[in-house]
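Below you'll find the structure, written out as structure tokens, and then a few comments.
Because the structure is predicted, anything quoted here is derived from the model rather than measured. Note: hydrogens, waters and symmetry copies are ignored here, and every other heavy atom, side chains too, is used. Quick note on labels: first sequence line is chain A, next is B, and so on, each numbered from 1.
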Protein chains: 2
Amino acid sequence: MYSFTEENYLKAIYKLSDNNGSGVSTNSIAENMQTKAASVTDMIKKLSDKKLLKYEKYKGVNLSQKGKDVAIQTIRKHRIWEVFLHEKLKFGWEEVHEIAEQLEHIQSELLINKLDEFLGYPTHDPHGDPIPGENGEFHNNAFVSLDTVEANKKVILSGVINHSVPFLQHLKKIDLTLGQKLMVIEINEYDRSLKLLLNGKIEIFISNEVAKNILVK
Amino acid sequence: MYSFTEENYLKAIYKLSDNNGSGVSTNSIAENMQTKAASVTDMIKKLSDKKLLKYEKYKGVNLSQKGKDVAIQTIRKHRIWEVFLHEKLKFGWEEVHEIAEQLEHIQSELLINKLDEFLGYPTHDPHGDPIPGENGEFHNNAFVSLDTVEANKKVILSGVINHSVPFLQHLKKIDLTLGQKLMVIEINEYDRSLKLLLNGKIEIFISNEVAKNILVK
DNA sequence: ATATAAATTTAGATTTGTCTAAAATTAATA
DNA sequence: TATTAATTTTAGACAAATCTAAATTTATAT
Ligand SMILES: [Mn+2]
Ligand SMILES: [Mn+2]
Ligand SMILES: [Mn+2]
Ligand SMILES: [Mn+2]
């Protein structure tokens, strides 16, 4: 139905939309897609012709309902594939994104629904991001970032805000993985760094910078 | 590394090669790929420049070792994905090919090897075709077509020669599925049609045309 | 051996997606 | 407000893959 490139543009524009009604700028899309502004202008003209977004010269773009639908379905496919790669094929959570970038463009609704069933209808991907349903509905995840959690409360590591490979590798290195049970046992007032208890056993220290980027429930 | 189109051309040429040293003709490639001869000429020039095949004007093409390697790895990916779709996602054997045509182009050696491991290193795809190993080695399957099997010998349905969707749907309709235990209990001399016993229970009749296209072991 | 037919290649165009450099518009600043 | 700066769009080109129509080469038939 839609090309790889079209799906990637729609996904990028969707992620850059703040729902403030303000159009997404050409430059921000170009930066996000690692391409040039001129290429973006060319492409948004095509997407506009196909009624996937509304485009006003020099004013940026806004996705139409149709455009949002395609973007959300692409995100759904991406995140379901990430779950498969992590849960079934045992890829690290820092490895799944790149491969899912390819798999998200496979065209078969039946495939993604059967895969969803095979995985037991997961609600979140390995980074803690919610997986939209078949009809595009998002259920809000009530995750909070670890730096806001009070001391001596048991929580479960459920996601990350920073998705970068270096950050994910760092978490892996200090044994902070998805599903990990943990408790804040000390909060240093000075720099808001934390002492954590993992699985009721090991104690580790993390900086506030790291804590801000960890989601727990 | 190589584009979808390049992989598809190499796969088609590989399948059309008879190993007689005789070049694969432009027209046969065009027919196989559902494209025009002129497009084939354009593409084989590019593949020749990349040393993936040897091309002599008006004389057809022969894959180089490099070209064969790419073709075989693409076939490997295709067949492993078919096993996944059939075994894990419960797609019918008439449905897997089309989706595998897309999945075979996903680029990640690690992915296909982890998938291979996840599936328990399958040796054959859902149509009974052998899956080449990581280094391209084919192990010969010793399957025989059902019309050559003598009466009262127990065999297992292990593959098909005709891969067409209508043929596979017909087999499904008459309960002939992969792994089915069966025995020839009567061979009609007149038209070489067969009476079969399925799972030691049900008796069915099949024509010689059907029997010729079924592989058993 | 010539003529006709079939297969193959070339010439020239098209579509998709990209780019650089230049022009036009909008935003920022003095 | 006038000038400069930043953003965005256009113009023109390019690579990949495809096509149609015409030219060329090879095969077949008289
Ligand atoms: Mn991702
Ligand atoms: Mn993710
Ligand atoms: Mn197949
Ligand atoms: Mn197959």
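- Listed by first and then second residue, the salt bridge (charged side-chain N to carboxylate O under 4.0 Å, His left out) pairs involving residues 92-107 of chain A are A:Lys11-A:Glu101, A:Lys11-A:Glu104, A:Glu94-A:Lys172 (not counting sequence neighbours).
- Residue pairs satisfying the salt bridge (charged side-chain N to carboxylate O under 4.0 Å, His left out) criterion with at least one member in residues 108-124 of chain A, sequence neighbours excluded, are listed as follows: A:Arg76-A:Asp116.
- Here B:Tyr2 pairs with nothing under the ring-ring contact (aromatic ring centres under 6.0 Å, His included) rule; sequence neighbours left out.
- Using a 4.0 Å heavy-atom cutoff across all strands shown, A:Thr41 reaches at least one base atom of the nucleic acid.
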Under 3.5 Å, which N/O atoms of the protein pair with N/O atoms of nucleotides 23-29 of chain C?
{"from": "C:dT25", "atom 1": "O4'", "to": "A:Tyr58", "atom 2": "OH", "distance (Å)": "3.3"}

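- Annotation: side-chain contact (heavy atoms from CB on, under 4.5 Å) contacts of A:Leu215 (sequence neighbours excluded): A:Phe143, A:Ser145, A:Ile161.
- The stretch residues 119-130 of chain B participates, sequence neighbours left out, in these salt bridge (charged side-chain N to carboxylate O under 4.0 Å, His left out) pairs: B:Arg79-B:Asp125.
- Residues that satisfy the ring-ring contact (aromatic ring centres under 6.0 Å, His included) test with B:Phe4, not counting sequence neighbours, are A:Phe4, B:His105.
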Please write out the pairs of protein N or O atoms and N or O atoms of nucleotides 17-19 of chain C separated by less than 3.5 Å, giving the distance to one decimal.
{"from": "C:dG17", "atom 1": "OP1", "to": "A:Ser3", "atom 2": "OG", "distance (Å)": "2.6"}
{"from": "C:dT18", "atom 1": "OP2", "to": "A:Tyr9", "atom 2": "OH", "distance (Å)": "3.4"}
{"from": "C:dT18", "atom 1": "O4", "to": "A:Asp42", "atom 2": "OD2", "distance (Å)": "3.3"}
{"from": "C:dC19", "atom 1": "OP2", "to": "A:Thr35", "atom 2": "OG1", "distance (Å)": "2.4"}
{"from": "C:dC19", "atom 1": "OP2", "to": "A:Lys36", "atom 2": "N", "distance (Å)": "3.2"}
{"from": "C:dC19", "atom 1": "OP2", "to": "A:Ser39", "atom 2": "OG", "distance (Å)": "2.6"}
{"from": "C:dC19", "atom 1": "N4", "to": "A:Asp42", "atom 2": "OD2", "distance (Å)": "3.2"}

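- Side chain of B:Thr41 to backbone of B:Ser39: no donor-acceptor contact under 3.5 angstrom is found.
- Take B:Ser28 and apply the side-chain contact (heavy atoms from CB on, under 4.5 Å) test, not counting sequence neighbours, and it matches B:Leu16, B:Val24, B:Ser25.
- A side chain to side chain donor-acceptor pair (under 3.5 Å) check over residues 52-62 of chain A, counting only residues at least two apart or in different chains, returns nothing.
- Protein atom OH of B:Tyr55 is 10 Å distant from nucleotide atom C1' of C:dT10, rounded to whole Å.
- Put simply, chain A comes within 4.0 Å of DNA chain D, heavy atom to any atom, from D:dT7 to D:dT10, going 5' to 3'.
- Within the structure, salt bridge (charged side-chain N to carboxylate O under 4.0 Å, His left out) contacts touching residues 36-50 of chain B (residues at least two apart or in different chains) are B:Glu6-B:Lys50.
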